Amino acid sequence: MASILVALVVAALSIKKGKASPTANTRSCVEIEVPVSIDTTAIQWLQPRVDSNIDAVDWVTYQTTRTSPNITQSMIGQITVKKTFKINGQLCVPQKSSAKYEILQLATHGGGFDKRYWDADIKPKEYSYVEAALAEGYSIFTYDRLGTGRSDKPDAYDIIQLNVQVEILRQLTSIARSGKLVSASKKLSGSLDDRLVKYKPSKIVHVGHSIGSILSVGLVTNYPTESDGLIATGFLPTNIPLPSLNIATWGFEFARENSPGLFKDHGSGFIVQATKSNVQISFLKKGTFEPTLLDYAWKIRQPIAVSEFLSLATAFGTEGAKFKGPVQFVIGENDYGSCGGDCNGTYDLDMIKQTYPVAKIVGVHIQPGTGHGLTLSMNATAGYKASFDFLQSSGL
Ligand SMILES: *[C@@H]1O[C@H](CO)[C@@H](O)[C@H](O)[C@H]1NC(C)=O
Ligand SMILES: *[C@@H]1O[C@H](CO)[C@@H](O)[C@H](O)[C@H]1NC(C)=O
Ligand SMILES: *[C@@H]1O[C@H](CO)[C@@H](O)[C@H](O)[C@H]1NC(C)=O
């Protein structure tokens with residue numbers, strides 16, 4: 001469990017133009033606000049509240065104090081979450097018709113960022129995953145996880161948790177599959193291209209990064225027939241202990257106090273990495289990134305809810321037992337949070353295959369010279385190609 005905790009933390013016509021994407025002229029995208037209704041349960045956690053930087057450090061200390069209640073003892077009750085949330089997303093289809101147009105990649109970003117993780121506006125041809133997927137002919141939907149970006153930011157203690165995020169992903173998947181992603185949503189900016197408004201995928205591949213990978217694994221575990229393929233990046237089921245890493249590595253502060261301008265909508269219980277150097281240690285390895293991409297990572301940083309962080313410890317069981325699609329894990333060779341900075345020899349493919357016994361193919365790709373932030377590292381597009389080739393080899 002501890003290694004997992006560480007691993008993650010590792011109106012229709014009033015459309016404004018151009019805001020949704022860095023290269024709006026080469027692609028067709030629309031930014032939407034999707035109403036997502038869920039009915040599930042969340043965990044009530046025993047933990048200190050976080051309303052200041054001093055509280056944030058105290059929260060970290062509490063979580064890592066030798067004699068504090070352990071993760072099981074900290075779960076003190078259950079809460080029903082029956083609500084409708086506004087989820088901000090961006091749907092893009094390739095400009096030219098392509099064989100893969102009907103395959104939708106549904107991408108869930110990880111902790112510390114929002115959907116802009118997938119779509120760097122610095123040298124998009126070298127870094128933007130959205131750009132690469134479109135160039136390969138796929139359609140792609142990216143969205144802001146509940147509590148980040150332009151999506152709703154409900155209670156950080158009782159609502160924003162793994163279970164809730166998995167249900168949101170499930171509902172987004174189902175709305176997308178029905179062809180109503182755009183028509184059922186409020187359109188905010190971008191194109192009104194008919195191909196977007198009526199987009200109905202024949203296949204949906206779930207792509208995640210870090211926490212987003214954990215959510216995507218949760219989706220194929222709980223709802224194995226609702227996904228056609230899984231690419232889990234920044235995530236690897238490892239077989240090594242991670243002695244030197246814990247929550248303190250992240251350098252959390254109370255989001256609203258750290259940056260009142262950026263995080264005025266984030267209330268009690270939202271924590272954020274305090275400095276650019278904290279972001280570097282978690283996501284980037286010296287010599288494998290351009291400094292402007294660290295600046296970009298810093299610019300797009302986002303808070304995480306304290307209970308979402310804790311709930312990650314509940315993520316793992318016999319994952320993917322009934323999932324029949326292809327599964328690929330993609331990890332940076334130098335991922336610090338997932339493998340302690342060196343992912344060589346940290347996993348056993350046969351053991352991973354046992355947790356996906358009926359999957360079409362199970363693969364691992366180690367991207368050389370890369371930290372946890374795969375889309376922010378040099379040679380990123382060659383890594384994307386490894387996933388596209390993997391999908392291609394399994395008919396997607
Ligand atoms: C938590 O502590 C309880 C009581 O000491 C113990 O029974 C349980 O095994 C511990 N759980 C974990 C996950 O360490
Ligand atoms: C991982 O293995 C490759 C191939 O043997 C090697 O070139 C690389 O330096 C290793 N990575 C680390 C971080 O030691
Ligand atoms: C770039 O990534 C590809 C795909 O993983 C790999 O084959 C190649 O060696 C990488 N290049 C460098 C310079 O690391």
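None of the values given here were measured: they were computed from a predicted structure. All ligand and atom numbering here is 1-based and tracks the order in the structure.
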For N70, counting its heavy atoms only, list the atoms of ligand 1 lying under 4.0 Å from any of them. 1 (C), 2 (O), 3 (C), 8 (C), 10 (C), 11 (N), 12 (C), 14 (O)

Would you please say whether a donor-acceptor pair under 3.5 Å links the side chains of S282 and Y336? no

Under 4.0 Å from ligand 3, counting heavy atoms only: the protein residues, by chain and number: H365, Q367, P368, N379, A382

Which residues end up grouped with V272 if you chain together Ile, Leu, Val, Met, Phe, Trp and Tyr wherever their side-chain heavy atoms are less than 4.5 Å apart? L262, F263

For Q73, atoms of ligand 1 separated by under 4.0 Å from a heavy atom: 1 (C), 2 (O), 3 (C), 4 (C), 5 (O)

Within the 3.5 Å criterion, strictly below it, is a donor on H206 or T173 matched to an acceptor on the partner's side chain? yes

Please list, in number order, the atoms of ligand 2 under 4.0 Å from a heavy atom of N344. 1 (C), 2 (O), 3 (C), 8 (C), 10 (C), 11 (N), 12 (C), 14 (O)

Tell me, which pairs form a side chain to side chain donor-acceptor pair (under 3.5 Å) where one or both residues lie in residues 57-69, sequence neighbours left out? Q47-W59

Establish, from distance only, whether the side-chain atoms of H109 and T142 form a donor-acceptor pair under 3.5 Å. no

Of the options K115, K86, K153, which is the one that meets D144 in a salt bridge (charged side-chain N to carboxylate O under 4.0 Å, His left out)? K115

Atom pairs and distances, side-chain donor-acceptor, residues 356-363, under 3.5 Å, sequence neighbours left out:
residue	atom	partner	partner atom	Å
K360	NZ	S394	O	3.1

Residue T72 vicinity, atoms of ligand 1 by number, heavy atom under 4.0 Å: 11 (N), 12 (C), 13 (C)

Under 4.0 Å to a heavy atom of N334 - the qualifying atoms of ligand 2, by number: 13 (C)

Strictly below 4.0 Å, N to O, side chains only: are E31 and R150 in salt-bridge contact? yes

